[in-house]
Amino acid sequence: MRKFIFRILSVGTIPNHIAFIMDGNRRYAKKHNLWADDAAGHKAGFLALTSMLKYCYELGIKCVSIYAFSIDNFKRRPNEVQYVMDLMLEKIQGLLKEESIVQKYGARVYFRGNMTLLTEPIRVAAEKAMVATANNTGMMLFICVAYTSTDEIVHAIQESCNNKWVGIQEANGSIAWNQAIGDEEYQLEEKAIIKLRDIEKHMYMGVAPDPDILIRTSGECRLSNFQLWQTTYCLLYSPAVLWPEIGLRHLVRAVLDFQRHRSYLEKKKKQA
Amino acid sequence: MKSYKALNLGKLRYLAIVVGSEEAYQTSKVIELLQWLEAIGVKHVCLYDMEGVLKRSKEAILEKMSNTTVFQEADENDKLLDQKHMMLEFVSFSDGKEAVAKAANLLFAKYLTSNNSSEDQEGEIFTEPHMTEALRAVGSGGPEPDLLLVYGPARCHQGFPAWRIRYTEIVHMGSLKSMRYGSLIKAIYKFTMVRQNYGK
């Protein structure tokens, strides 16, 4: 049945990149009176994630990004933060196993965010997972941890500045620099040294195409500092369902919506 | 409509309206929307369209709206307290990414100066508060809207300055042509009922 639905969807354009804000794990736990409070909600959330990744893979979505842990989430109760970190470590290590979803779908994994905010075991595991999947040519999976857009933008600017500084120092030593100092055009360009393309190159999400659809569950209508820069032409979809309860029908609805508005969004992109 | 009479606008300090640029030419519709917002009691509105059509229609809009002033960074503190006036801000795509690039150059200038001294200032220059300050310095430092209403075919913020929509509720209203007062009230009412955790 699913194959049939996907075949119908494939008649239209399939989005390149779908982003997910997986909201509602804690509410799900409360709703179902789960004994281990939020922890069980996050576990259920992980199962929902594996289903959604499967559907995205089968539908031919080239890139998926998920808001796994925001820098803001460090403000949560220490118990919960620790639990989520432990769960994350367990799941990242699981990615390296043969039977993992990532290996099954040939996905290439990218961890994106301010990794210095994470503990060493997680950083090491993440690095291992990225190396292990570096040659995979299937779906690109971006796992955003210790991420916020505002941090991403500041970090990209800092990297751009560092790079420019290195470039200036190198040029200082060369003859070309000495000649250029006299060149008026060069001096004018000096005034706007950091260009937009420099910043974009250094964004954590720089290697990903911009998302076509962003799905945030639990009916919440905000981006909460996720991919604010990249969602200029992105369709925002906010189904009321809690994340652990998300299903195929929500993905289908989002893709149909995208197909309906594609020509409008393409037109806007061209006008920019 | 009766149940919406007790509209608590306390939470709605700043409202943004995103309009598709083709629809933004319908100045009379924009004015009508602003008049509705004024009647509801919204005091601070930011008008956005990608191409800056609304910016160019600023004079025409202000002419029809009595008791309205334009948002200026300088008088931010004075005017925000002035309850009699409605304050309007006009924003377009160039106030987003391009403004960030301009602000980046301000930070770069600071960085170059610090590199000439012996102290390691990098960690103190590249911070989010400094970025906010730099954006203000280049003229793109308006407040963060609490609520953003999208009038257009799709629910898409169309490049509203990223720095300002971290926790903004984004609601799709349909086309400007078929806008309804009831839908507007409902959207604002629903907003006042939302509870945010801010990540906690």
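Naming convention: chains lettered A, B, ... in sequence-line order (proteins, then strands); numbering from 1 in each chain.
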No-hydrogen, no-angle side-chain donor-acceptor test under 3.5 Å, T132(B) and W163(B) = yes
Going by the angle between their ring planes, with limits at 30° and 60°, are Y67(A) and Y147(A) parallel, tilted or perpendicular?
-> perpendicular
Among P153(B), A101(B), G96(B), single out the residue with the greatest number of heavy-atom pairs under 4.5 Å to chain A.
-> P153(B)
Let me know if N162(A) has heavy atoms under 4.5 Å from chain B in its side chain, its backbone, both or neither.
-> both
Considering only heavy atoms, which portion of L265(A) lies under 4.5 Å from any heavy atom of chain B: side chain, backbone, both, or neither?
-> side chain
Return the minimal non-hydrogen interatomic distance between H172(B) and G152(B), and the atom names on each side.
-> NE2-O, 2.7 Å
Top of L196(A), N73(A), T150(A) for chain B proximity - count of heavy-atom pairs under 4.5 angstrom | T150(A)
Residue part contacting chain B, namely of Q227(A), when any heavy atom lies under 4.5 Å | neither
Close contacts, residues 17-26 of chain A versus chain B, judged by heavy atoms under 4.5 Å = R26(A)
Just grab all the salt bridge (Lys or Arg N to Asp or Glu O under 4.0 Å) pairs involving residues 48-61 of chain B, residues at least two apart or on different chains.
-> K55(B)-D95(B)
Among T231(A), L223(A), D151(A), who wins on heavy-atom pairs under 4.5 Å with chain B?
-> T231(A)
So which part of Y237(A) gets closer than 4.5 Å to some heavy atom of chain B, the side chain, the backbone, both or neither?
-> backbone
Please report the shortest heavy-atom distance between A60(B) and I31(B), naming the atom on each side.
-> O-CD1, 4.0 Å
For the pair E266(A) and K269(A), find out whether any cationic side-chain nitrogen is under 4.0 Å from an anionic carboxylate oxygen.
-> yes
Tell me whether the guanidinium CZ or amine NZ of K11(B) lies under 6.0 angstrom from the six-membered ring centre of F191(B) and within 45° of its axis.
-> yes
Okay, T148(A) and chain B: the region with an atom under 4.5 Å from a heavy atom over there is side chain
What residue in G20(B), P161(B), A104(B), A103(B) has the most heavy-atom pairs under 4.5 Å with chain A?
-> A104(B)
Inspect the surroundings of NZ in K75(A) and state if more than 12 heavy atoms from other residues, nucleotides or ligands are less than 6.0 Å away.
-> yes
Chain A contact via V194(B) - side chain, backbone, both or neither, heavy atoms under 4.5 Å = side chain
Parallel, tilted or perpendicular: ring planes of Y204(A) versus H155(A), cut at 30 and 60 degrees = parallel
Verify the ring-centre separation between H32(A) and Y28(A): is it less than 6.0 angstrom?
-> yes
Heavy-atom pair count under 4.5 Å with chain B, highest-scoring of A156(A), C234(A), C221(A), S224(A) | C221(A)
Check G142(B) against R164(B) and note the closest heavy-atom contact, atom names and distance.
-> O-NE, 3.2 Å
Examine whether an atom of L235(A) lies under 4.5 Å from a heavy atom of chain B, and if so say whether it belongs to the side chain, the backbone or both; otherwise answer neither.
-> both
Hey, do the aromatic rings of Y48(B) and F90(B) have their centres closer than 6.0 Å?
-> no
